[in-house]
Asker: 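Here it is: the structure, laid out below.
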Amino acid sequence: LPEALFRLGECYFNLKEYDKAYNFFQRLLQEFPQNNLSDAALFQLGWISYKKEDYPGTRKAFEELLARSPSGEWSDDAQYWYGMSYFLEKNYAVARNELKKVTINYPKSPFAFRASMSIGDSYYNEKDYKQALKAYQEIITNYPSDPQIAEAEYVIIQTVLQQGQEKRFSDLSQKFLTRYTYHPLSMTLMFQIAEQELAGGDTAGARKILQDIIGKFHQNPEADKAFFQIAELDFQAKDYVPALQTYQILLKSYPTSGLRPVVQFKTAQACFYLKEYQKASYGFERFIAEFPEHDLVPQALYYIGASLYSS
C-alpha cells in the first residue's frame, strides 16, 4: 500500500494535478511514517508547494525532512530548494545563508554548483556587482571542471558589463566565444554584441555577427532571429530583394517560428514595395487568413486595397 500511494502521487504530479498528488503523499506519511518511502514523500510535499509558489509550505516540508534525515538521499535537494524559496521571495540575505549550507554540508552534490550560482545571482539582482563578481569568480576556482562552468563565465561577462568595463567585456567575450564556440550561450552573447554594434551604428559589423550566428547555430530554433535581423537591415535600407529572399528562407527553415506572423507580413510588404502587387495582395490575404486576430491585420487590409489600386 505505501508504494501504491507513492506511485499514485507521482502519477498525479506528472499530470500536474498537484492537490491530488499532495493528498496521496501526505496520506503515505500519516499512515506509514516509518516507511522507507517517507523521506521521498516528504520531499514531494515540499516540491509540490514550491511548484505552487507556496514558499512557506515548501520550507515547512523541507525543514521536517532535513530534521529527520540531515544526510539522506534528498537532503541536498531539500536544502537547495529551501534556500531558493527565499531567493524567489527576494529575501536574498536569508537565501544566501541557506544556499551556503549546500556548499558546506554537501560539497560534492550537483546542487553545490547551482547554489553557488544562485548566491552570485542574489548579489547581481541587488545590483551589488562587486560581490556578484567575487561570488562568480569563486565558482570558477571551486568548480573548474563542472559541466555548467560556462554559465559562470557568461555571468561574469554580464557583470563586468554592468560595471561599465566595456574593454574587459569585449576581451572576455572574445575568449568565451573562442572557448565555447558552439555553446548556446555563445549565440546569446553574439546577439548581444550585434545589438551593441547596431546601437553604435556599425550595421556591417552587426551583419557579420548575425551571419556568423546562422553559420554556427542554424539548427537552433533561436537562430530565426538572426535571419530576421539581417532581413530587417536590408528592408530598412530599401534593399527589398535580399530582404524578401531572407524572409522566405526564414519561413522555410523555421516553420514554427514565433516570428512567422510578422515575417509573413513583411514578405508581402516587400513584394508591395517591389511593385509586385499581385504577389503582395495574395501575401496579405494569406496573412489575414492565418492570423486574423493579429495587430497588423488593419495594415494588411490597407495594403490589399493599395495593391489592387496600383495594379
Side-chain angles (χ1 to χ4, degrees), residues 50 55 76-77 79-200 206 209-210 212-213 216-217 220-223 225-226 229:
Y50 188 91
Y55 301 126
D76 54 340
D77 304 46
Q79 184 63 59
Y80 175 74
W81 295 113
Y82 184 89
M84 286 302 296
S85 72
Y86 283 112
F87 184 98
L88 292 174
E89 290 178 334
K90 299 184 179 180
N91 191 342
Y92 295 126
V94 177
R96 284 192 287 270
N97 288 334
E98 296 301 330
L99 290 166
K100 284 176 184 175
K101 293 178 184 178
V102 181
T103 65
I104 294 169
N105 298 332
Y106 314 101
K108 297 187 181 300
S109 166
F111 286 97
F113 177 89
R114 298 308 315 167
S116 298
M117 284 290 291
S118 296
I119 289 169
D121 293 345
S122 72
Y123 286 120
Y124 188 97
N125 291 350
E126 291 177 327
K127 301 186 187 304
D128 187 348
Y129 300 122
K130 182 178 179 180
Q131 288 299 320
L133 189 59
K134 180 181 177 182
Y136 293 138
Q137 288 172 331
E138 286 177 357
I139 294 171
I140 304 297
T141 301
N142 296 333
Y143 307 97
S145 59
D146 192 279
Q148 302 174 85
I149 196 64
E151 292 183 30
E153 294 187 39
Y154 176 80
V155 291
I156 285 174
I157 293 170
Q158 299 305 316
T159 306
V160 165
L161 182 61
Q162 291 296 331
Q163 290 180 314
Q165 301 183 50
E166 294 184 7
K167 176 65 167 60
R168 191 178 176 199
F169 167 82
S170 179
D171 292 343
L172 290 176
S173 294
Q174 292 308 313
K175 290 179 182 178
F176 185 93
L177 294 173
T178 300
R179 186 178 298 122
Y180 303 106
T181 304
Y182 298 101
H183 195 287
L185 286 174
S186 287
M187 181 174 68
T188 303
L189 184 58
M190 290 168 76
F191 271 121
Q192 183 178 9
I193 296 170
E195 288 176 7
Q196 291 177 332
E197 297 289 348
L198 286 173
I209 294 168
L210 294 168
D212 199 16
I213 291 172
K216 293 176 179 175
F217 300 100
N220 190 310
E222 294 296 313
K225 297 179 180 62
Q229 290 183 30

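Positions are given from 1 along the sequence.
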Asker: Check the pair Asn125, Lys90 against side chain to side chain contact (heavy atoms under 4.5 Å, CB included), reporting the backbone distance first and the verdict last.
Answerer: CA-CA 9 Å; Asn125 291 350; Lys90 299 184 179 180; over 6 Å; no
Asker: Below 4.5 Å, heavy atoms only, C-beta onward: do Lys175 and Glu153 meet side chain to side chain?
Answerer: no
Asker: Apply side chain to side chain contact (heavy atoms under 4.5 Å, CB included) to the pair Lys225 and Met187, showing each step before the final yes or no.
Answerer: CA-CA 11 Å; Lys225 297 179 180 62; Met187 181 174 68; over 6 Å; no
Asker: How many angstroms lie between CG in Asp146 and CD1 in Ile139, if you round to the nearest 0.5 Å?
Answerer: 9.5 Å
Asker: Which value, rounded to the nearest 0.5 Å, describes the distance between Arg168 atom CZ and Gln163 atom CD?
Answerer: 7.5 Å
Asker: Where do Ala194 and Ala206 come nearest, in terms of heavy atoms and distance?
Answerer: O-CB, 3.7 Å
Asker: Rounded to the nearest 0.5 Å, how far does CG of Leu99 lie from CH2 of Trp81?
Answerer: 10.5 Å
Asker: Determine whether Glu138 and Thr103 make a side-chain contact, defined as any pair of heavy atoms from C-beta on separated by less than 4.5 Å.
Answerer: no
Asker: Of all heavy-atom pairs between Val155 and Ala152, which one has the smallest distance, and what is that distance?
Answerer: CG2-O, 3.1 Å
Asker: Hey, are the side chains of Tyr82 and Lys101 touching, using non-hydrogen atoms and a 4.5 Å cut-off?
Answerer: no
Asker: Is the side chain of Ser186 donor-acceptor paired with the backbone N or O of Tyr182 at a distance under 3.5 Å, no angle test?
Answerer: no
Asker: Are Tyr129 and Tyr123, when compared by the centres of their aromatic rings, separated by less than 6.0 Å?
Answerer: no
Asker: Lys100 vs Val102, test: side chain to side chain contact (heavy atoms under 4.5 Å, CB included). Steps then yes/no.
Answerer: CA-CA 5 Å; Lys100 284 176 184 175; Val102 181; over 6 Å; no
Asker: Please find the pair of heavy atoms, one from Ile149 and one from Tyr143, that lie closest to each other, and give the distance.
Answerer: CD1-O, 3.1 Å
Asker: If every non-hydrogen atom of Ile157 is compared with every non-hydrogen atom of Ser173, which pair is closest and at what distance?
Answerer: CG2-OG, 3.5 Å
Asker: To the closest 0.5 Å, what do you measure between CD1 (Ile193) and CG (Leu210)?
Answerer: 11.0 Å
Asker: Between CE of Met84 and OH of Tyr55, what distance do you get to the nearest 0.5 Å?
Answerer: 8.5 Å
Asker: Please check if any side-chain donor atom of Gln158 sits under 3.5 Å from a side-chain acceptor atom of Gln192, or the reverse.
Answerer: yes
Asker: Determine, stepwise, if the pair Asp171 / Lys167 fulfils salt bridge (Lys or Arg N to Asp or Glu O under 4.0 Å).
Answerer: CA-CA 6 Å; Asp171 292 343; Lys167 176 65 167 60; 2.8 Å; yes
Asker: Quick check: closest heavy atoms across Met117 and Tyr136, and the distance to 0.1 Å?
Answerer: O-CE2, 3.9 Å
Asker: Nearest 0.5 Å, please: how far is CG in Asn97 from OH in Tyr92?
Answerer: 15.0 Å
Asker: So Thr188 and Tyr154, side chain to side chain contact (heavy atoms under 4.5 Å, CB included) or not? Walk me through it.
Answerer: CA-CA 10 Å; Thr188 303; Tyr154 176 80; 3.3 Å; yes
Asker: State whether the side chain of Gln79 and the backbone N or O of Glu98 hold a donor-acceptor pair below 3.5 Å, judged by distance alone.
Answerer: yes
Asker: Within a 6.0 Å radius of atom CD on Glu166, are there more than 12 heavy atoms belonging to other residues, nucleotides or ligands?
Answerer: no
Asker: Using side-chain heavy atoms (C-beta onward) and a distance below 4.5 Å, is Ile156 in contact with Phe176?
Answerer: no
Asker: Which atoms form the tightest heavy-atom contact between Tyr106 and Ala112, and what is the distance?
Answerer: O-CB, 3.7 Å
Asker: Would the distance check show the side chain of Tyr124 and the main-chain N or O of Ser118 forming a donor-acceptor pair, the cut-off being under 3.5 Å?
Answerer: no
